[in-house]
Amino acid sequence: MCLKGFQGYGYDEDFTKNMTEINSKRKLESTTVSLTTSADDICQKCPNLKDGFCEDPLHNERIVQMDSEVLNKLDISKEYDSLELFEKIDEIFSTKESVSEICFNCLWHEKCLFYQNLSNNR
């Protein structure tokens, strides 16, 4: 979901560049996505990632909780076509209420286009 709302903000330049590249790739027809419960391609460039976890235990717990809310609604054993996955995300998370548990605790929710669009569609 974070990719859908990304607009160029990030923890540092490396993270933002990586996120921009991943966001571009997810919009291509040839991109497949495997879901994971561990640090993913986005996390790999986060300056807070240490030994596969966010170095701040409270922040790590919040990230795991937010990810779990999304992953619980998807089949994590399946490899997805990126375009189909993001269409499915739109269907599942189509209202502000459907993302309230996920996005409200996110540090970026005020800058997130996905969250803002849901807020404006109420």
Side-chain angles (χ1 to χ4, degrees):
M1 283 183 15
C2 299
L3 287 171
K4 291 191 65 63
F6 178 71
Q7 58 177 336
Y9 298 101
Y11 299 105
D12 66 11
E13 188 177 329
D14 285 342
F15 178 85
T16 303
K17 181 181 175 189
N18 183 56
M19 187 79 156
T20 299
E21 289 173 8
I22 292 171
N23 198 32
S24 294
K25 289 178 185 176
R26 70 118 177 148
K27 297 173 184 176
L28 301 174
E29 290 185 24
S30 60
T31 302
T32 56
V33 177
S34 297
L35 303 175
T36 182
T37 58
S38 58
D40 60 15
D41 291 343
I42 293 170
C43 300
Q44 296 308 312
K45 295 294 182 174
C46 180
N48 303 315
L49 185 69
K50 305 291 184 231
D51 300 320
F53 299 95
C54 181
E55 65 185 341
D56 178 338
L58 291 176
H59 191 65
N60 189 74
E61 183 179 328
R62 188 175 346 159
I63 292 167
V64 169
Q65 183 179 26
M66 289 187 298
D67 287 351
S68 293
E69 291 287 332
V70 175
L71 294 174
N72 285 338
K73 297 185 179 355
L74 299 165
D75 180 356
I76 65 171
S77 68
K78 178 181 175 185
E79 189 171 83
Y80 289 90
D81 169 85
S82 183
L83 298 177
E84 290 175 10
L85 174 61
F86 285 92
E87 284 178 18
K88 188 170 184 76
I89 293 289
D90 285 340
E91 292 169 12
I92 296 170
F93 302 103
S94 61
T95 65
K96 188 175 179 181
E97 290 78 17
S98 67
V99 299
S100 63
E101 293 294 318
I102 302 162
C103 298
F104 186 74
N105 288 324
C106 176
L107 299 172
W108 301 100
H109 82 269
E110 291 184 14
K111 296 188 184 297
C112 174
L113 292 177
F114 182 67
Y115 186 79
Q116 288 175 12
N117 286 338
L118 293 177
S119 297
N120 293 334
N121 290 333
R122 288 226 35 199

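Only heavy atoms go into these numbers, but all of them, side chains included; no hydrogens, no water, no symmetry mates.
Not counting sequence neighbours, the partners of Phe15 by the ring-ring contact (aromatic ring centres under 6.0 Å, His included) test are Tyr11.
Nearest heavy-atom pair, Phe93 versus Ile102, reported as atom, atom and distance to 0.1 Å: CE2-CD1, 3.5 Å. Considering all non-hydrogen atoms of both residues, Leu113 and Gln7 come closest at CD2-OE1, 3.5 Å. Scanning both residues, Glu79 and Ser34, for their nearest heavy atoms gives OE2-OG, 3.3 Å. Contact detail for Tyr115 and Cys103: the closest heavy-atom pair is CD1-CB, 3.4 Å. Heavy-atom minimum distance, Asn18 versus Ile42: ND2-O, 3.6 Å. The minimum heavy-atom distance between Ala39 and Cys43, with the atom names listed, is CB-CB, 3.8 Å.
Note that the SG atom of Cys2 and the CD1 atom of Ile22 stand 11.5 Å from one another [nearest 0.5 Å]. Atom CD of residue Glu87 and atom OG of residue Ser82 lie 10.0 Å apart, to the nearest 0.5 angstrom. Taken to the nearest 0.5 Å, the CZ atom of Phe6 stands 5.5 Å off from the CE atom of Met19. Between Glu29 atom CD and Glu84 atom CD the span is 10.5 Å, to the nearest 0.5 Å. The distance from atom CD of Glu61 to atom CG of Asp56, rounded to the nearest 0.5 Å, is 10.0 Å. Summarising the geometry, atom NZ belonging to Lys96 is positioned 11.0 Å from atom CD belonging to Gln116; distances are rounded to the nearest 0.5 Å.
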Practice prompt. Take Tyr80 and Asp75 through the test side-chain contact (heavy atoms from CB on, under 4.5 Å) and record every step on the way to the result.
Written response: CA-CA 9 Å; Tyr80 289 90; Asp75 180 356; 3.6 Å; yes
Worksheet entry | Chi angles and distances behind the side-chain contact (heavy atoms from CB on, under 4.5 Å) call for Thr16, Lys45 | CA-CA 8 Å; Thr16 303; Lys45 295 294 182 174; over 6 Å; no
Practice prompt. Please test Leu71 against Thr37 for side-chain contact (heavy atoms from CB on, under 4.5 Å), starting from the C-alpha separation and ending with a verdict.
Written response: CA-CA 8 Å; Leu71 294 174; Thr37 58; 4.0 Å; yes
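Heavy atoms of other residues, nucleotides or ligands lying less than 6.0 angstrom from NZ of Lys4 number more than 12. Within 6.0 Å of CD in Glu55 there are more than 12 heavy atoms belonging to other residues, nucleotides or ligands. Within a 6.0 Å sphere centred on CG of Asp12, other residues, nucleotides and ligands contribute more than 12 heavy atoms. By the 6.0 Å contact criterion, CZ on Phe86 is enclosed, its count of non-hydrogen atoms from other residues, nucleotides or ligands being greater than 12. Heavy atoms of other residues, nucleotides or ligands lying less than 6.0 angstrom from NZ of Lys50 number more than 12.
Taking 4.5 Å as the limit, every side-chain heavy atom of Ile63 sits out of range of all side-chain heavy atoms of Phe53. Considering only heavy atoms from C-beta on, Cys54 stays 4.5 Å or farther from Arg62 through its side chain. With contacts defined as side-chain heavy-atom distances shorter than 4.5 Å, the pair Leu85/Leu74 qualifies.
Using a 4.5 Å cut-off between side-chain heavy atoms of Ile, Leu, Val, Met, Phe, Trp and Tyr, with links allowed through other members, Met66 and Val64 fall into different hydrophobic clusters.
With Met1 as the partner, the side chain to side chain contact (heavy atoms under 4.5 Å, CB included) test is satisfied by one option alone out of Asp67, Ile92, Ile89: Ile89.
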